[in-house]
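Please read the structure below before turning to the comments.
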Number of protein chains: 2
Amino acid sequence: MTAPSAASPVRVLLCDDHAVVRAGLLALLGSAPDIEVAGEAGTGEEAVALAAKLTPDVVLMDLQLGAGMDGVEATRQIAPTGVRVLVLTTYDTDADITRAIEAGATGYLLKAERPDELFAAIHAAAEGRTTLSAPVASRVMARMRSPQPTLTDRELDILGQLAHGLGNRDIAKALFISEATVKTHLGRIYDKLGVDTRAGAVAVAKERRLLP
Amino acid sequence: MTAPSAASPVRVLLCDDHAVVRAGLLALLGSAPDIEVAGEAGTGEEAVALAAKLTPDVVLMDLQLGAGMDGVEATRQIAPTGVRVLVLTTYDTDADITRAIEAGATGYLLKAERPDELFAAIHAAAEGRTTLSAPVASRVMARMRSPQPTLTDRELDILGQLAHGLGNRDIAKALFISEATVKTHLGRIYDKLGVDTRAGAVAVAKERRLLP
DNA sequence: AGGGGGGTCGGCCGATCGGTTGATGCGCAG
DNA sequence: CTGCGCATCAACCGATCGGCCGACCCCCCT
């Protein structure tokens, strides 16, 4: 190791909406001598504020934060300030990974990861190095090889209404466009999702977590 | 308190597929003097085996356990042995709550709960008393007042196929029944879910986690 | 100026869906 | 025995969907 273990510890800000998980992480990280928990946040808004106030070395960020700002949005606001964001979440969905990375996350770990990997990843993140959990790395590579088609914002709008079970006419009214336009978008959505029915599109959308 | 705090501590078995959460809970519960972690399990199968071997006072059970046996099934196997099962999970979905309770869970806590509530709930569970997180209790009460319609097994079959985006003809073929029967079931499913389209049914099904 | 991607429309038509009514057989509790 | 719930099937009809054309506009980029 080139990094001295007796040097100043890495200061970490926890962000998770589950109090039990926060408390658990707090206790867990407390057992690592060279890691210090500088603060805790239960919401995205709190995380952004505390990251600015405490300027920790690393923010440990969950993506699902219940109501309000989600982890991706919080990451998008924190990353530009120079504070490293290490995502620690449950899901390894393509959409989550992509959004987190393009929001500026330094690393992406799964909660299923071994604790010592978590410690290592925190130190890596503090130095700006990227760490990805194995399944995440795999998915990233897979995506590189065969790029998934990306839905446009408008297509996601249509998909959102579709997931509420609305018919074409109602979707049209909800989005202030004509029914013909809805059908055009739907056709493209089917193409991109590899599907040919509404129900199938909703299923794939829920599966890939394309919708909130 | 009638319970002496200096008496033998409550022995707890952790079951969660996330190593980080397990380690965190381990550290967290270690800080409670009258709670002792007797073991950890990362899968349902492990939990069942360890519950039989260690006979802890309480099993802290997550419902989502990744692949293999889920938390409900594990609970169903552990509860009859007399070992209390305290569910500690993320979601407060009607379906999850119902299934866990009817599987024999003694309590149902959310990970968003405060740690001291968790400690209290563990002690309560050890004595056979039930603890429910506030949102869970609310949902249980709401369900009591206006009982949600329950889908029959067959209807869940149809719903499962529907969630794959199949058309009526394909659903019929997949389940070895006639298209007419599929439509009859669908009509009842629409009624029960308060919906009138296939896409809507899929959305509600995914929302309430009626499907695996 | 040209080109491309995204969003917006319209029309057409066959296939499918959604709703309804009615009927049969089965198991189970009162 | 007699309901009752559940699963199964049939036939019908209007409404909707899905797929296929082609078209226009706007913005960004080369």
Side-chain angles (χ1 to χ4, degrees), chain A residues 95 98-99 102 143 146-208 210-211, chain B residues 95 98-99 102 143 146-208 210-211:
Chain A
T98 304
R99 293 193 311 145
E102 79 184 10
R143 171 176 287 260
S146 69
Q148 296 253 3
T150 306
L151 294 189
T152 68
D153 289 342
R154 202 50 168 165
E155 284 162 357
L156 285 178
D157 289 339
I158 272 79
L159 194 54
Q161 299 301 320
L162 183 60
H164 287 146
L166 298 187
N168 288 344
R169 183 179 308 137
D170 297 309
I171 296 176
K173 272 189 253 182
L175 300 182
F176 304 105
I177 58 181
S178 93
E179 204 176 326
T181 307
V182 173
K183 294 169 73 171
T184 304
H185 284 306
L186 276 180
R188 279 196 273 269
I189 291 174
Y190 294 157
D191 277 348
K192 291 185 178 179
L193 297 187
V195 153
D196 59 355
T197 66
R198 322 162 72 65
V202 172
V204 171
K206 294 281 185 179
E207 211 62 41
R208 299 195 193 168
L210 300 176
L211 300 173
Chain B
T98 304
R99 294 194 310 144
E102 79 183 11
R143 171 176 287 259
S146 69
Q148 294 254 3
T150 306
L151 294 187
T152 67
D153 289 343
R154 200 50 168 166
E155 284 161 357
L156 286 178
D157 289 340
I158 271 80
L159 194 55
Q161 300 301 320
L162 183 60
H164 288 146
L166 299 187
N168 288 344
R169 184 178 305 136
D170 297 308
I171 297 177
K173 274 190 252 183
L175 299 181
F176 305 104
I177 58 181
S178 94
E179 203 176 328
T181 306
V182 173
K183 293 168 73 171
T184 304
H185 284 306
L186 277 179
R188 278 196 276 269
I189 291 174
Y190 293 157
D191 277 349
K192 292 185 178 178
L193 297 187
V195 153
D196 60 354
T197 66
R198 324 163 69 66
V202 172
V204 172
K206 296 277 187 181
E207 210 63 42
R208 299 194 194 168
L210 301 176
L211 301 173

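Naming: A, B, ... by sequence-line order, numbering from 1 per chain. Atom set for the values below is all heavy atoms of this structure, side chains included, hydrogens, waters and symmetry mates excluded.
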Discussion item. Are B:Leu175 and B:Val182 packed together at the side-chain level, in the sense that at least one heavy-atom pair is separated by less than 4.5 angstrom?
Written reply: no

Item to complete: Please figure out whether A:Leu175 or B:Gly187 has its closest DNA chain C nucleotide nearer the 5' end.
Response: A:Leu175

Discussion item. Counting only side-chain heavy atoms from C-beta out, which of D:dT8, C:dT8, D:dG18 sits nearest to A:Arg188?
Written reply: C:dT8

Practice prompt. Check whether the side chain of A:Thr184 and the base of C:dC9 form a donor-acceptor pair under 3.5 Å.
Written response: yes

Discussion item. In whole Å, I'd like the distance from the CG atom of A:Asp196 to the C1' atom of C:dA15.
Written reply: 12 Å

Practice prompt. Write down the distance between OH (B:Tyr190) and P (C:dG19), rounded to a whole number of angstrom.
Written response: 7 Å

Worksheet item: 5'-most contact on DNA chain C: B:Arg198 or A:Ile158, nearest heavy atom basis?
Response: A:Ile158

Practice prompt. Compare every heavy atom of B:Ala199 with every heavy atom of A:Val202, then report the nearest pair and how far apart it is.
Written response: CG2-CB, 4.0 Å

Worksheet entry | Presence of salt bridge, A:Arg154 and A:Asp157, under 4.0 angstrom | yes

Item to complete: Specify the separation, in whole Å, of atom CG of A:Leu151 and atom C1' of C:dG7.
Response: 15 Å

Practice prompt. Please state how far atom CD1 in A:Ile177 lies from atom P in C:dG6, giving the value in whole angstrom units.
Written response: 16 Å

Discussion item. Measure CG/B:Asn168 against C1'/C:dA15 and give the value in whole Å, please.
Written reply: 12 Å

Item to complete: Using only side-chain N and O atoms of B:Thr181, determine if any of them is under 4.0 Å from OP1 or OP2 of D:dC9.
Response: yes

Worksheet entry | A:Ala172 versus A:Ser178, closest heavy-atom pair with distance | CB-C, 3.7 Å

Worksheet item: Within the structure shown, what part of the strands sits under 4.0 Å from B:Gly167 by heavy-atom distance: base, sugar-phosphate, or nothing?
Response: sugar-phosphate

Discussion item. Distance check needed: C:dC9 P versus A:Arg169 CZ, whole Å only.
Written reply: 16 Å

Worksheet item: Across the strands shown, which category fits B:Ser178 at heavy-atom distances under 4.0 angstrom: base, sugar-phosphate, nothing?
Response: sugar-phosphate

Discussion item. If you define the side chain from C-beta out and look only at heavy atoms, does anything of B:Lys192 sit under 4.5 Å from B:Thr152?
Written reply: yes

Worksheet, complete the sentence: Residue pair B:Thr152/B:Ala180 against DNA chain D: nearer the 5' end by closest nucleotide is B:Thr152

Worksheet item: Separation of B:Glu179 atom CD from C:dC17 atom P, in whole Å?
Response: 7 Å

Worksheet item: Just how far, in rounded Å, is P of C:dG5 from CG of A:Asp153?
Response: 17 Å

